[in-house]
Amino acid sequence: MQDKKPETAPTPPKTPKKTNLLDHHSIKHMLDESVSEIVTSRGYVEDVRLSNVRLLLGTVIIVIALFAQFYKKKFPENRDFLIGCIVLYVVFNGLLQLIIYTKEKNAILFTYPPVGSFTSTGLEISSKLPRFSDMYTLTIASADPKSISANEPVELTKSVTKWFTKDGVLVEGLFWKDVEALIDQYAKEPKKNK
């Protein structure tokens with residue numbers, strides 16, 4: 001009699017995600033990472049254009065600072081060059097801060113619309129976990145709120161104690177269920193009247 005071998009190898013158990021419950025930055029980071037996983041698993045592709053612009057501006061700022069630091073002439077002779085570098089540094093840094101303040105805000109993820117979707121806009125996922133609070137707020141909105149296919153933003157506010165054990169382990173099933181319900185709520189939201 002032949003023993004049948006299983007057709008697929010069993011997958012090893014997934015390592016639980018654990019965090020320090022006394023560090024609200026660590027909690028928010030873990031929840032934000034999990035939200036990104038959930039959204040991308042639903043067919044949304046991350047839009048990294050804004051991140052790339054920020055990286056480019058940061059690189060330009062660093063290059064300006066390096067030119068100012070390592071210019072071959074000493075101070076009295078390079079005064080005009082240093083003034084130019086300082087002005088450029090302030091302008092590019094101000095532009096970077098403007099992009100962060102106006103476009104990014106609390107956003108953790110921007111996406112393209114899912115493949116095969118009728119909508120022409122992706123999602124903007126943002127979150128908040130105020131200091132000394134256990135209330136995590138997750139907001140899903142259109143990446144282009146002025147688009148005709150943009151839905152009204154939806155929001156979920158819940159205590160993080162509902163998703164973590166007393167040892168700091170994330171109960172992923174509960175969290176995934178809540179986030180997927182919020183995504184479904186956004187997708188079913190009636191269109192704006194314009």
Peer 1: Identify the two heavy atoms, one from Phe67 and one from Phe81, that lie closest to each other, and give their separation to 0.1 Å.
Peer 2: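 What the structure gives for the nearest pair is O-CE2, 3.6 Å.
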
Peer 1: Quick one: side chains of residues 85-94, donor-acceptor pairs under 3.5 Å with protein atoms, not counting sequence neighbours, listed by atom name and distance.
Peer 2:
none

Peer 1: Going by distance alone, is a donor N or O of one side chain under 3.5 Å from an acceptor N or O of the other, for Lys105 and Ser126?
Peer 2: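 No, Ser126 and Lys105 have no side-chain donor paired with an acceptor closer than 3.5 Å.
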
Peer 1: Mind checking what makes salt bridge (charged side-chain N to carboxylate O under 4.0 Å, His left out) contact with Asp178, not counting sequence neighbours?
Peer 2: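 Partners of Asp178 by the salt bridge (charged side-chain N to carboxylate O under 4.0 Å, His left out) criterion, ordered by chain and then number, come out as Lys158.
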
Peer 1: CD1 of Ile108 to CG of Leu138: how many Å apart, nearest 0.5 Å?
Peer 2: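 Here the interatomic distance stands at 6.0 Å.
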
Peer 1: Does a salt bridge link Asp134 with Lys162, judged by any charged N lying under 4.0 Å from a carboxylate O?
Peer 2: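 No salt bridge links Asp134 with Lys162.
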
Peer 1: What's the separation between atom CG in Leu57 and atom CD in Gln97, rounded to the nearest 0.5 Å?
Peer 2: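 CD of Gln97 is found 10.5 Å from CG of Leu57.
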
Peer 1: Which residues satisfy the salt bridge (charged side-chain N to carboxylate O under 4.0 Å, His left out) test with Glu37, sequence neighbours excluded?
Peer 2: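 Applying salt bridge (charged side-chain N to carboxylate O under 4.0 Å, His left out) to Glu37 gives Lys17.
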
Peer 1: Testing the basics here: between Asp32 and Ser127, what is the closest heavy-atom pair and its distance to 0.1 Å?
Peer 2: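 Where Asp32 meets Ser127 most closely, the heavy atoms are OD1-OG, 2.8 Å.
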
Peer 1: Assess whether salt bridge (Lys or Arg N to Asp or Glu O under 4.0 Å) is satisfied between Asp23 and Lys28, documenting all intermediate values.
Peer 2: CA-CA 9 Å; Asp23 180 11; Lys28 184 178 183 313; over 6 Å; no

Peer 1: Between Val171 and Leu182, is there shared hydrophobic-cluster membership here, with clusters defined by ILVMFWY side-chain heavy atoms closer than 4.5 Å?
Peer 2: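 In one cluster: yes.
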
Peer 1: Which residues satisfy the side-chain hydrogen bond (donor to acceptor under 3.5 Å, both in side chains) test with Thr137, sequence neighbours excluded?
Peer 2: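 side-chain hydrogen bond (donor to acceptor under 3.5 Å, both in side chains) check on Thr137 returns Thr157.
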
Peer 1: Quick one, Tyr101 with Leu96, criterion side-chain contact (heavy atoms from CB on, under 4.5 Å). Give me CA distance, side-chain angles, the key distance, then yes/no.
Peer 2: CA-CA 9 Å; Tyr101 182 73; Leu96 180 61; over 6 Å; no

Peer 1: Are Ile100 and Leu56 connected, step by step, through hydrophobic side chains (Ile, Leu, Val, Met, Phe, Trp, Tyr) whose heavy atoms are closer than 4.5 Å?
Peer 2: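 Per the 4.5 Å side-chain linkage, Ile100 and Leu56 are not co-clustered.
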
Peer 1: Test Lys18 against Leu170 for side-chain contact (heavy atoms from CB on, under 4.5 Å), laying out the working first.
Peer 2: CA-CA 6 Å; Lys18 188 173 182 179; Leu170 178 64; over 6 Å; no

Peer 1: Identify whether Leu174 and Tyr136 are in the same connected component of the hydrophobic contact network (ILVMFWY, side-chain heavy atoms under 4.5 Å).
Peer 2: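 In one cluster with Leu174: Tyr136, yes.
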
Peer 1: Quick one: are Leu109 and Val39 in side-chain contact, heavy atoms under 4.5 Å?
Peer 2: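 A side-chain contact exists here, since the closest heavy-atom pair is under 4.5 Å.
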
Peer 1: Could you check whether any side-chain heavy atom of Leu31 comes within less than 4.5 Å of a side-chain heavy atom of Val160, counting everything from C-beta outward?
Peer 2: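 They are in contact (side-chain heavy atoms under 4.5 Å apart), so the answer is yes.
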
Peer 1: Looking at CD1 of Ile183 and CG of Leu123, how far apart are the two atoms once the value is rounded to the nearest 0.5 Å?
Peer 2: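 Between atom CD1 of Ile183 and atom CG of Leu123 there are 7.5 Å.
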
Peer 1: Roughly how far apart are His29 NE2 and Ser34 OG, rounded to 0.5 Å?
Peer 2: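 Reported to 0.5 Å precision, the distance equals 9.5 Å.
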
Peer 1: Could you walk me through whether Val154 and Thr139 pass the side-chain contact (heavy atoms from CB on, under 4.5 Å) check?
Peer 2: CA-CA 6 Å; Val154 292; Thr139 306; over 6 Å; no

Peer 1: For residues Ile62 and Phe70: do they belong to one hydrophobic cluster (side chain heavy atoms under 4.5 Å, members Ile, Leu, Val, Met, Phe, Trp, Tyr)?
Peer 2: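 Same hydrophobic cluster.
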
Peer 1: Which pair of non-hydrogen atoms, one from Ser133 and one from Leu129, has the smallest distance, and what is that distance?
Peer 2: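 So the two residues come closest at O-CD1, 3.7 Å.
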
Peer 1: Just to verify, what does Asp47 make a side-chain contact (heavy atoms from CB on, under 4.5 Å) with, not counting sequence neighbours?
Peer 2: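 By the side-chain contact (heavy atoms from CB on, under 4.5 Å) rule, Asp47 matches Arg49, Phe110, Tyr112.
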
Peer 1: Output every pair passing side-chain hydrogen bond (donor to acceptor under 3.5 Å, both in side chains) with a member in residues 51-64, not counting sequence neighbours, ordered by first then second residue.
Peer 2: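 Qualifying pairs: Arg54-Glu104.
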
Peer 1: Under 4.5 Å between side-chain heavy atoms, hopping through other hydrophobics if needed: is there a path connecting Trp176 to Val169?
Peer 2: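 Looking at the clustering, Val169 is in a separate group from Trp176.
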
Peer 1: Report yes or no: does Thr40 contribute a side-chain atom to a donor-acceptor pair with the main-chain N or O of Tyr44 at less than 3.5 Å?
Peer 2: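 Not confirmed, Thr40 side chain does not pair with Tyr44 backbone.
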
Peer 1: Nearest heavy-atom pair of Tyr186 and Ala141: which atoms, and what distance?
Peer 2: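 Here Tyr186 and Ala141 meet closest at OH-C, 3.9 Å.
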
Peer 1: When rounded to the nearest 0.5 angstrom, what is the spacing between CG in Leu66 and CD in Gln69?
Peer 2: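 With rounding to 0.5 Å, CG (Leu66) is 8.0 Å from CD (Gln69).
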
Peer 1: Hey, what do you get for CZ (Phe164) to OG (Ser159), rounding to the nearest 0.5 Å?
Peer 2: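 So the CZ of Phe164 and the OG of Ser159 are separated by 10.5 Å.
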
